[in-house]
Amino acid sequence: MSVAKEFSLAELLIVAASEAWRGNGEVLASGLGVLPRLGASLAKLTHSPELLMTDSECFLVEEPIPLGPRGEHVPKYSGYMGFERVFECVWGGRRHAMIGPTQVDRFGQSNLSVVGPDYHQPKIAMLGVRGLPGNSINHRNSFFLPSHSLRALVHEVDMVSGVGLDPARWPPGMNRTLMALGIVLSDLCVMDFNGPDNAAQVLSLHPGVSFEQVQENTGFPLREAPNMGETPHPTEEQLALIRRLDPHDLRSKQLKGNPPGIRQARSGATDE
């Protein structure tokens, strides 16, 4: 495969997001938001065809549905996937979602409800925890943070909407066999919580980003993963699939711009 000479930060993140579902097996892949959804779709079309995917309504599809108006696209349906069956996947641990929380902390706990120290008088109130408490305790979740900052990656979330690895929240007798954390994907790097004692570690840095820059924008200590390197660049084949999945270029509207390293990659990458 040839490495692309030109690609955007959004396209780099889509390819990185797709890796979250590699080797997951036959689970329901749910990417919530434009870039996570494109990542899940790319995973199904490339390295993980066994993933289950819906048309975002109630039917399983053999091929991911392109974003935006479908035009002449005819979905290839393979079965019915109503809410009852979705919840069966959720409760049985047969789902991996990539969500976009407002905050993530050092334990991998997530918050999408309120921001501020006083729950009763928050600075910002969102739409509540929704289904995250049950989802987070029953199946794997990854996180997508389009702006890596001290406001998003905090020492401790203002409200625990999604369970993480804080041992104080797991008293004896609680069943945590289905709970799992995947990756944390941001506009600076890819992280996970698989370091020693569930420590947060940086798996890869996006082009032009340093580990020090990531640490300065994170509210808790980070480790360098043993094989930390640069986030793999998209291939021409992957970019062609992304364009097919996103014919209206919705991906370009999700981020403010490319960091300098991405522009260097556009001019300096070579074919392999």
Side-chain angles (χ1 to χ4, degrees), residues 1-24 29-53 55-56 61-76 96 98 142 144-146 148 182-191 202-210 225 227-272:
M1 292 187 178
S2 58
V3 175
K5 293 185 175 65
E6 295 188 6
F7 56 88
S8 67
L9 175 59
E11 290 160 344
L12 181 84
L13 297 185
I14 291 166
V15 173
S18 76
E19 291 297 316
W21 286 279
R22 184 182 289 272
N24 283 195
S30 300
L32 306 184
V34 170
L35 302 189
R37 176 174 165 179
L38 289 169
S41 299
L42 183 64
K44 183 171 178 63
L45 289 176
T46 54
H47 54 72
S48 299
E50 69 278 5
L51 291 171
L52 303 178
M53 192 162 291
D55 62 350
S56 298
V61 291
E62 289 299 306
E63 294 181 356
I65 303 293
L67 272 65
R70 298 180 182 178
E72 298 180 357
H73 177 82
V74 179
K76 296 182 180 180
H96 182 175
M98 181 174 286
S142 289
F144 173 59
L145 301 172
H148 192 127
I183 65 169
V184 180
L185 173 63
S186 77
D187 59 339
L188 297 182
C189 68
V190 182
M191 302 166 41
V202 177
L203 302 177
S204 68
L205 300 164
H206 301 336
V209 176
S210 68
N227 297 317
M228 186 186 75
E230 187 167 280
T231 305
H233 298 185
T235 66
E236 293 289 358
E237 293 79 4
Q238 288 170 326
L239 289 181
L241 288 173
I242 291 171
R243 294 177 189 126
R244 195 179 94 195
L245 292 165
D246 183 25
H248 306 286
D249 196 22
L250 300 179
R251 62 192 180 278
S252 67
K253 302 175 176 64
Q254 302 306 301
L255 300 167
K256 293 181 180 180
N258 294 327
I262 296 292
R263 288 196 291 272
Q264 292 168 9
R266 299 181 77 144
S267 61
T270 57
D271 288 347
E272 290 184 348

A.B. asks: So do L51 and H96 actually touch side chain to side chain, heavy atoms under 4.5 Å?
C.D. replies: no

A.B. asks: I want to check something: taking the side chain as every heavy atom from C-beta on, are W21 and M98 in contact at a cut-off of under 4.5 Å?
C.D. replies: yes

A.B. asks: Say you draw a straight line from CG of D249 to CZ of R243; how long is it, rounded to the nearest 0.5 Å?
C.D. replies: 9.5 Å

A.B. asks: Once side chain to side chain donor-acceptor pair (under 3.5 Å) is applied, do any residues pair with E50, and if so which ones, sequence neighbours excluded?
C.D. replies: none

A.B. asks: Report the residues that fulfil side chain to side chain donor-acceptor pair (under 3.5 Å) with R244, sequence neighbours left out, ordered by chain and then residue number.
C.D. replies: none

A.B. asks: Working to the nearest 0.5 angstrom, can you tell me the gap between L45 CG and E237 CD?
C.D. replies: 13.5 Å

A.B. asks: Mind checking what makes side chain to side chain donor-acceptor pair (under 3.5 Å) contact with S41, not counting sequence neighbours?
C.D. replies: none

A.B. asks: Please identify which of these residues, L241, T235, V15, meets the side-chain contact (heavy atoms from CB on, under 4.5 Å) condition with T46.
C.D. replies: L241

A.B. asks: Hey, does L38 have a side-chain heavy atom less than 4.5 Å from the side chain of V34?
C.D. replies: yes

A.B. asks: Applying side chain to side chain donor-acceptor pair (under 3.5 Å), can you list everything that pairs with S210, at least two apart in sequence or on another chain?
C.D. replies: none

A.B. asks: Using residues 64-74 as the side-chain source, report each donor-acceptor pair under 3.5 Å to any protein atom, sequence neighbours left out, with the distance given to one decimal.
C.D. replies:
unit_1: R70; atom_1: NH2; unit_2: D55; atom_2: O; d: 3.3

A.B. asks: Please examine the side chains of L35 and L255, heavy atoms only from C-beta on, and report whether any two atoms are closer than 4.5 Å.
C.D. replies: yes

A.B. asks: Main chain of S186, side chain of H206: is a donor-acceptor contact present, judged purely on distance under 3.5 Å?
C.D. replies: yes

A.B. asks: Mind checking whether L188 and V202 have side chains closer than 4.5 Å, heavy atoms only?
C.D. replies: no

A.B. asks: Within this structure, what is the NZ-NE2 distance for the pair K5 and H233, rounded to the nearest 0.5 Å?
C.D. replies: 13.5 Å

A.B. asks: Sequence neighbours left out, what pairs pass side chain to side chain donor-acceptor pair (under 3.5 Å) with at least one residue falling in residues 10-19?
C.D. replies: S8-E11, E11-R251, E19-R22

A.B. asks: State, to 0.1 Å, how close S204 and C189 come at their nearest heavy-atom pair, and which atoms those are.
C.D. replies: O-CB, 3.1 Å

